Amino acid sequence: MHDEILDCLVIGGGAAGLTAAVYLGRYRRRAVLIDDGGSRIARIPKARNVIGFPDGIAGPELLERMRLHAGRYGTTLELGRVERLERTAGGRFEARAGSRRLEARTVLLATGATDIEPEIPGLAPALKAGVVRYCPICDGYETQGQRVAVLGRQQHGLREAVFVAGFDNRVTWLALGTRDTLPAEELERLRRAGVTVEDREPRAIRCGPRQVLVELAGGQTLEFDTLYPALGLVHACGLATALGARARPDGQLEVDEHYETTVPGLYAAGDVAVDLNQINVAAGQAAIAATAIHNRL
Ligand SMILES: Cc1cc2nc3c(=O)[nH]c(=O)nc-3n(C[C@H](O)[C@H](O)[C@H](O)COP(=O)(O)OP(=O)(O)OC[C@H]3O[C@@H](n4cnc5c(N)ncnc54)[C@H](O)[C@@H]3O)c2cc1C
């Protein structure tokens with residue numbers, strides 16, 4: 001049995017979903033947000049680029065503040081995981097989350113993405129200590145003048161290495177055997193940026209509280225102040241693509257200028273829909289999507 005027909009079901013409670021909850025609540029829309037508690041924000045030792053926090057703010061604290069804000073205006077926040085999303089005969093959406101069934105006129109998918117992590121002993125404490133970082137757009141500024149390794153394949157790894165070198169770092173690109181798959185002009189970019197390429201497979205990577213040690217085949221060990229894994233993201237797009245929404249090969253959902261997917265009434269905001277993975281960006285997109293949803297109902 002459905003309790004009621006919602007104006008909007010928000011799936012995901014990170015930067016995008018919680019922002020949408022604020023807007024929909026303040027538009028006095030009947031909205032429920034369901035989140036399973038896996039926001040990337042919870043993993044950030046100190047979030048940067050968040051406007052209003054010039055010294056940064058710990059991710060868990062920011063998330064808690066966002067949740068308090070999101071719950072203030074009437075949107076119901078629920079803990080749970082939406083396992084299925086379907087279209088009803090009447091053109092609405094029906095979602096299943098455990099024993100819960102919800103029917104909604106529109107859905108905002110704010111399910112985010114997950115980093116592909118390298119298998120490295122000591123990764124979690126090193127991330128907490130800031131020795132391993134995932135987002136040079138966020139915190140490249142904090143690495144200035146360091147010895148930095150970027151671990152990633154092909155164009156993705158190369159571009160991140162060049163980006164990180166822009167902060168006056170001594171950068172080594174750990175290319176995982178992919179250097180020779182790239183065209184000469186791309187390799188020339190590396191040379192101009194002063195990036196060293198190490199194409200031998202790391203045999204072991206160990207993280208300490210202050211440095212990262214990379215042991216190469218042949219026994220040589222390299223030492224870095226910071227390691228950026230750049231192995232890509234898995235976008236949580238499955239609920240949308242099962243309904244026929246178009247996505248790029250990497251799972252990033254296609255959206256229009258109002259953040260509506262190719263399925264009418266199904267919106268997407270945040271990391272699941274863009275590649276500038278930032279809290280401000282996710283929040284801004286969700287504000288646009290929530291307003292478009294309000295205006296169409
Ligand atoms: C280590 C690290 C450091 C970072 N540092 C910064 C920084 O300094 N500054 C910055 O701006 N950005 C930073 N980011 C990026 C930032 O965290 C993301 O861009 C932002 O969280 C995206 O918001 P989102 O709402 O799209 O996704 P998320 O915040 O990840 O939220 C998505 C939510 O949806 C939930 N979900 C997924 N599927 C379902 C489902 N089926 N049912 C219910 N819930 C579901 C997830 O579990 C999660 O809780 C960092 C990321 C990482 C990993």
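Only a predicted model underlies this, so the values are computations on that prediction, with no experimental measurement involved. Each ligand, and each atom within it, is numbered from 1 in the order the structure gives.
At a 3.5 angstrom cut-off on N or O pairs, Val82 counts as close to ligand 1. For ligand 1, the polar-atom distance check finds no N/O of Tyr134 at less than 3.5 Å from any of the ligand's N/O atoms. Note: no N/O pair closer than 3.5 Å links Arg43 and ligand 1 by distance alone. Considering backbone and side-chain N/O of Ala16, one or more are found under 3.5 Å from N/O of ligand 1. Looking at ligand 1, you'll find an N or O of Ala15 within less than 3.5 Å of one of its N or O atoms. For Ile279, a nitrogen or oxygen atom sits less than 3.5 Å from a nitrogen or oxygen atom of ligand 1, counting backbone and side chain alike. Considering backbone and side-chain N/O atoms, Asn280 never comes within less than 3.5 Å of an N/O atom of ligand 1.
Put simply, the side chain of Gln144 gets close to the backbone of Tyr141: a donor and an acceptor are under 3.5 Å apart.
By the 4.0 Å N-to-carboxylate-O rule, Lys46 lies too far from Glu142 to be salt-bridged with it. A salt bridge is defined here as a Lys NZ or Arg NE, NH1 or NH2 lying under 4.0 Å from an Asp or Glu carboxylate O, and Glu94 with Arg96 meets this definition. Between Arg200 and Glu198, at least one side-chain nitrogen of the basic residue sits less than 4.0 Å from a carboxylate oxygen of the acidic one, meeting the salt-bridge criterion. Contact check on Glu185 versus Arg189 returns no salt bridge, with no Lys/Arg side-chain nitrogen under 4.0 Å from an Asp/Glu carboxylate oxygen.
Atoms of ligand 1 lying under 4.0 Å from any heavy atom of Ile34, numbered from 1 in the order shown and given with element: 43 (C), 44 (N). The contact set between ligand 1 and Ala282, taken as ligand atoms under 4.0 Å from a residue heavy atom, comprises 23 (O).
Between Val50 and ligand 1 there is no heavy-atom distance shorter than 4.0 Å. Residue contact annotation: Gly80 has a non-hydrogen atom under 4.0 Å from ligand 1.
In this structure, Gln285 and Val255 have side chains that are not in contact, with every pair of non-hydrogen atoms separated by 4.5 Å or more.
Note that Arg105 lies outside the cation-pi zone of Phe93, set by a 6.0 Å cut-off to the ring centre and a 45° limit from the axis.
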